[in-house]
Amino acid sequence: MEVTMVRVRYAPSPTGHIHVGNARTAIFNYLYARHEGGTFVMRLDDTDLERSTEENIDSMLDDIHWLGLEWDEGFLKGGNLGPYRETERKPLYDLYLQQLLDEDKAYRCFCTKDELEAERRRAEAEHRIYRYGGACAHLSAEQVEQNITQGKPYAIRLRIPEEDVIVHDLVRGDVQFKTEEFDDFVIARQNGIPIYNFATVIDDALMEITHIIRAEEHLSNTPRQVFIYRALNFDVPQFAHVSLILAPDHSKLSKRHGAVSVGEYRLEGYLPEALINYLVLLGWSPKDDREFFTVDELIKEFSLEGVGKSGAVFDKKKLTWMNHMYLGRKDAVAILTILKEDFAEQYAAAFGGLPEDKTLAAINLTKGNAQVLPDLFALARNIVQPDIVITDEKSQEVIASPEAKQVVQYLVDHFDAIPFGQGNDAMSSWVEDLRNQIPLPAKKLYSPIRVALFGSKDGPEIVKLFLMLEPASIRERLQKALAL
RNA sequence: GGCGCUGUAGAACAGUGGUUAGUUCGGGGGGCUCUCAAUCCCCAAACAGGAGUUCAAUUCUCCUCGGCGCUACCA
């Protein structure tokens, strides 16, 4: 049996930061390639010259790198089957266009836009389904010649044979299309530039792509592409059409729904591993209850059989929850690095000029309470800065009560009894013993202390706060709390 | 309109010809003799509808309805 090396591709239009839907498609391709030990090819679909600016290409690449989806062959990487930018592949398209013309599998169509438009209107008025009438399908060689010498512009249409098409889709099974649903569609415009369906087929075939994993929106166009593969005697690859990502109202997820691109989530403080994990789970399932996966685990587990068929609503709350879980487990040094690089300004404002080990300790103490990276600035700054800021009302109420004052006053009065520098156990038992000293319910006892030391009634354990903060700083905080 | 894909709680996913239909997020409540987004426990919440096949259908088939996509000299 012939063993074919799996080759998949990601062919983004570089119009800026990557939409999460495209990102998921890229992730699936990446995982499939790695799982199968195949090759992941990256091709730039940059035919939209207006939007394919260098800046947009960079944004797209930033997102891909940030997600860690390194490709093996293609744009910027090279390979034997290039070029890997569609704008550089025009000669290739021309070659195959000419071949189809020579073999009479395609023909020149001299119809004007107005003529076609009129034809379409007529069909609509008569409630017929519009299909190209074939005015130019059987022009004689002389007529064609004459039109060309007259300088009449022409598009190129593919002759559709009388054959049904069955698309074997790895996630949807066999999908059947009847030949009469299609007309001789345009494969190259009057300006000579091929349309998407044609260019993609040429690219995928020449780059020897074996599995095309892409969004569901392309499923309906797949039979058209199959006609092209067949006309050129190219092997038809395997297809896998992945469902779309939807907004909460089930419409297509777009900018009006808030953040939709990888770049935006990065800016909001999500971790790449969390975004990948969430995105993969949106439409793929390991068929059991596991939810957390490293990329290596995903590579091991991923299969097209696990990919779901129905559209999935993007749930930012669940993403945020997942990010929170990842943040809590992430190494503080790694977090600090990201904070410095991606949030330089806020970093400088919150931790600027402080010794790094202090910042690190503060991050370690509070990372479990952060949902997105910037939360850390508010959380950790109160540990590290001399002036604490109490932002939420409930915490302000807690510290304002007479009982709270009583507790804080006790600590001030017995400050020397706090076992600083004597280790974890000593501090723990001292904190516990406070309950014997002050006759208050635990909650009423400890909440004010946390607010006084940390600025919020919720957060790190009291013991850890006492261990973490400088004694002088603690004294100062307690005294300030009395005045609140 | 035509064609195609699709339809399990508010959301994401499991699952089964006979089950108390499971897990996670979100919502509600409670425990953890300090809190919390951490952890543990509990509650509410779903098989779109209708036929057919069958002793039996959420599960198989068909239809209807709903969602989405394609129907471009867009990608």
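FYI, side chains are in, hydrogens and waters are out, and symmetry mates aren't considered; it's all heavy atoms of this structure. Naming: A, B, ... by sequence-line order, numbering from 1 per chain.
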Give a yes or no on whether a salt bridge exists between A/Glu180 and A/Arg131, defined as a side-chain N under 4.0 angstrom from a carboxylate O.
-> no
Look through every strand shown and name the nucleotide pairing with B/C13 as Watson-Crick or G-U wobble, where both distances are under 3.5 Å.
-> B/G22
Can you tell which of B/G67, B/C25, B/A37 lies closest to the side chain of A/Asp315?
-> B/C25
Nearest whole angstrom, please: distance from the C1' of B/C3 to the CG of A/Asn221.
-> 12 Å
Does any nucleotide pair with B/U53 by Watson-Crick or G-U wobble geometry, both distances under 3.5 Å, and what is it?
-> none
To the nearest Å, give me how far apart CZ (A/Phe292) and P (B/U23) are.
-> 17 Å
To the nearest 0.5 angstrom, please state how far the CG atom of A/Asp315 sits from the CG atom of A/Leu282.
-> 8.5 Å
Can you name the one residue among A/Ile187, A/Leu158, A/Leu92 that meets side chain to side chain contact (heavy atoms under 4.5 Å, CB included) with A/Leu97?
-> A/Ile187
Which part of the nucleic acid does A/Lys457 contact within heavy-atom distance under 4.0 Å: base, sugar-phosphate only, or nothing?
-> base
So is A/Arg329 actually on top of A/Phe292's ring, under 6.0 Å and inside 45° of the axis?
-> yes
Between A/Val313 and A/Tyr130, the residue closer to the 5' end of RNA chain B by nearest nucleotide is A/Val313
Side-chain N or O of A/Arg189 closer than 4.0 Å to phosphate OP1/OP2 of B/A75 = yes
Would you say B/A14 has OP1 or OP2 under 4.0 Å from some side-chain N or O of A/Lys287?
-> yes
RNA chain B: A/Ser447 or A/Phe177, which has the more 5' nearest nucleotide?
-> A/Phe177
Between B/A14 and A/Ser285, is there an OP1 or OP2 to side-chain N/O distance shorter than 4.0 Å?
-> yes
The nucleotide from B/C73, B/G1, B/C36 with an atom nearest the side chain of A/Ala155 is B/C73
Think A/Arg435 has a side-chain N or O under 4.0 angstrom from the OP1 or OP2 of B/C34?
-> yes
For A/Val144, does its backbone N or O pair with a side-chain atom of A/Asn147 as donor and acceptor, under 3.5 Å?
-> no
Does B/A48 have a Watson-Crick or wobble mate here (both distances under 3.5 Å), and if so which one?
-> B/U64
If pairing requires Watson-Crick or G-U wobble contacts with both distances under 3.5 Å, which nucleotide is the partner of B/G1?
-> B/U71
Checking N1-N3 plus N6-O4 or O6-N4 for Watson-Crick, or N1-O2 and O6-N3 for wobble, each under 3.5 Å, the partner of B/U33 is none
With a centroid cutoff of 5.5 Å and a plane-angle limit of 30°, would you call A/His218 stacked on B/A75?
-> yes
